[in-house]
Trainee: 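Dropping the structure in here first, questions after.
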Amino acid sequence: MSLLPILRYPDPRLHKVAKPVTVFDARIKKLVEDMAETMYDAPGIGLAATQVDVHEQVIVIDTSEAHDQLRAYINPEILWASEEKQVYDEGCLSVPGIYDGVERPARVKVRAWDVDGQPFEVDADGLLAVCIQHEMDHLLGKVFVEYLSPLKRNRIKTKLVKEERELARSAQRTASR
């Protein structure tokens with residue numbers, strides 16, 4: 001297993017739409033393992049392949065306290081979403097340090113495939129429902145900050161671009177010593 005680099009907003013690759021997985025093989029299993037290791041190391045509770053610059057419909061999620069209930073969702077689709085909405089403060093490994101309220105359906109029913117190509121369905125509510133919807137947005141090329149006002153989105157973009165420049169300058173100074 002190996003850690004994968006996570007793309008940071010506003011990287012344009014985060015807006016690519018992921019393609020369905022058609023072959024369930026060792027490569028997909030390795031991708032899921034590497035994504036899980038990356039997610040746990042970050043630390044996070046969900047990660048979409050889009051965030052690691054792989055544009056296939058693969059997400060990993062583990063909302064358990066003990067981080068021992070990893071689940072891969074391949075080619076996920078929402079079969080049903082409740083009319084009832086809820087607002088959760090969301091964060092994202094691609095938008096580090098930023099949290100804001102996003103309104104989404106409170107409950108969803110999702111169909112996906114596991115790493116062996118076996119279909120399964122999940123009825124989710126609470127944090128799991130939010131996480132599934134958040135990660136599925138990544139597969140569609142959407143980052144959670146796009147639910148925020150243009151003003152908030154621009155402030156976040158400016159802040160993250162500035163942080164990225166400062167990190168690059170710092171690395172350059174360290175390398176030139």
Side-chain angles (χ1 to χ4, degrees), residues 1-63 67 69-79 81 88-100 102-105 108 110-117 119-120 122 124 127-148 150 152-154 156-157 159-161 163-164 167:
M1 292 197 291
S2 52
L3 293 177
L4 303 169
I6 298 172
L7 300 177
R8 286 176 54 122
Y9 181 80
D11 191 308
R13 294 172 290 179
L14 288 168
H15 299 294
K16 279 185 163 180
V17 176
K19 297 197 176 345
V21 171
T22 57
V23 178
F24 293 81
D25 58 6
R27 184 187 66 82
I28 289 296
K29 287 181 181 175
K30 170 103 170 81
L31 174 61
V32 166
E33 288 173 5
D34 290 347
M35 286 175 59
E37 183 177 358
T38 302
M39 176 190 71
Y40 288 132
D41 182 71
I45 60 171
L47 185 68
T50 302
Q51 294 175 271
V52 293
D53 203 20
V54 175
H55 302 283
E56 293 180 88
Q57 294 179 8
V58 178
I59 60 179
V60 294
I61 294 175
D62 186 347
T63 58
H67 306 296
Q69 295 176 26
L70 179 72
R71 187 115 207 219
Y73 296 76
I74 300 173
N75 301 335
E77 61 180 308
I78 294 177
L79 301 174
Y88 254 82
D89 258 3
E90 294 186 25
C92 181
L93 296 177
S94 292
V95 191
I98 305 295
Y99 299 88
D100 212 318
V102 175
E103 183 179 71
R104 298 187 185 272
V108 292
V110 177
R111 178 188 310 135
W113 282 256
D114 64 20
V115 294
D116 296 314
F120 65 92
V122 171
L127 182 58
L128 180 58
V130 170
C131 193
I132 289 171
Q133 292 172 83
H134 175 110
E135 299 309 332
M136 286 181 69
D137 275 353
H138 280 298
L139 301 180
L140 299 172
K142 189 168 185 174
V143 181
F144 91 96
V145 297
E146 293 171 46
Y147 288 98
L148 307 178
K152 278 187 178 180
R153 199 169 41 248
N154 285 332
I156 290 167
K157 184 186 273 186
K159 178 182 185 220
L160 292 176
V161 167
E163 284 176 8
E164 198 69 32
L167 283 171

Trainee: Which value, rounded to the nearest 0.5 Å, describes the distance between M35 atom CE and I6 atom CD1?
Mentor: 9.5 Å

Trainee: Give a yes-or-no answer on whether the side chains of Y147 and D100 include a donor-acceptor pair shorter than 3.5 Å.
Mentor: no

Trainee: Would you find a donor on one side and an acceptor on the other, under 3.5 Å apart, between the side chain of Q133 and the backbone of A129?
Mentor: yes

Trainee: What residue pairs, at least two apart or across chains, pass salt bridge (Lys or Arg N to Asp or Glu O under 4.0 Å) with a residue in residues 32-51?
Mentor: K30-D34

Trainee: Of all heavy-atom pairs between F144 and I98, which one has the smallest distance, and what is that distance?
Mentor: CZ-O, 3.8 Å

Trainee: Roughly how far, to the nearest 0.5 Å, is CD1 of I61 from CD1 of I132?
Mentor: 5.0 Å

Trainee: For H138, what residues pass the ring pair (Phe, Tyr, Trp, His ring centres under 6.0 Å) criterion, not counting sequence neighbours?
Mentor: H134

Trainee: Looking at L128 and Y73, what are the two nearest heavy atoms and their distance?
Mentor: CD1-OH, 4.0 Å

Trainee: Is R111 reaching over with its side chain to a backbone N or O of E77, donor-acceptor style, under 3.5 angstrom?
Mentor: no

Trainee: How long is the gap from NZ on K142 to CE on M136, to the nearest 0.5 Å?
Mentor: 13.0 Å

Trainee: State, to 0.1 Å, how close E56 and A49 come at their nearest heavy-atom pair, and which atoms those are.
Mentor: O-CB, 3.4 Å

Trainee: Which pairs, with at least one residue in residues 15-25 and sequence neighbours excluded, count as a side-chain hydrogen bond (donor to acceptor under 3.5 Å, both in side chains)?
Mentor: H15-E146

Trainee: Where the side chain of Y88 meets the backbone of L127, is there a donor-acceptor pair that is under 3.5 Å apart?
Mentor: yes

Trainee: Does any non-hydrogen side-chain atom of V60 lie less than 4.5 Å from one of V32?
Mentor: yes

Trainee: Is the backbone N or O of V21 less than 3.5 Å from a side-chain atom of N75, with the two atoms forming a donor-acceptor pair by type?
Mentor: yes

Trainee: Please name the pair of heavy atoms, one in D114 and one in F120, separated by the smallest distance, quoted to 0.1 Å.
Mentor: N-CE2, 3.6 Å

Trainee: Nearest 0.5 Å, what's the CD-CG distance between E90 and D137?
Mentor: 8.0 Å

Trainee: Looking only at heavy atoms, what is the nearest atom pair of R13 and D53, with distance?
Mentor: NH1-OD2, 3.1 Å

Trainee: Could you check whether any side-chain N or O of S94 sits under 3.5 Å from a backbone N or O of Y9, counting only pairs where one atom can act as donor and the other as acceptor?
Mentor: no

Trainee: Return the minimal non-hydrogen interatomic distance between L93 and G46, and the atom names on each side.
Mentor: CD1-O, 3.9 Å

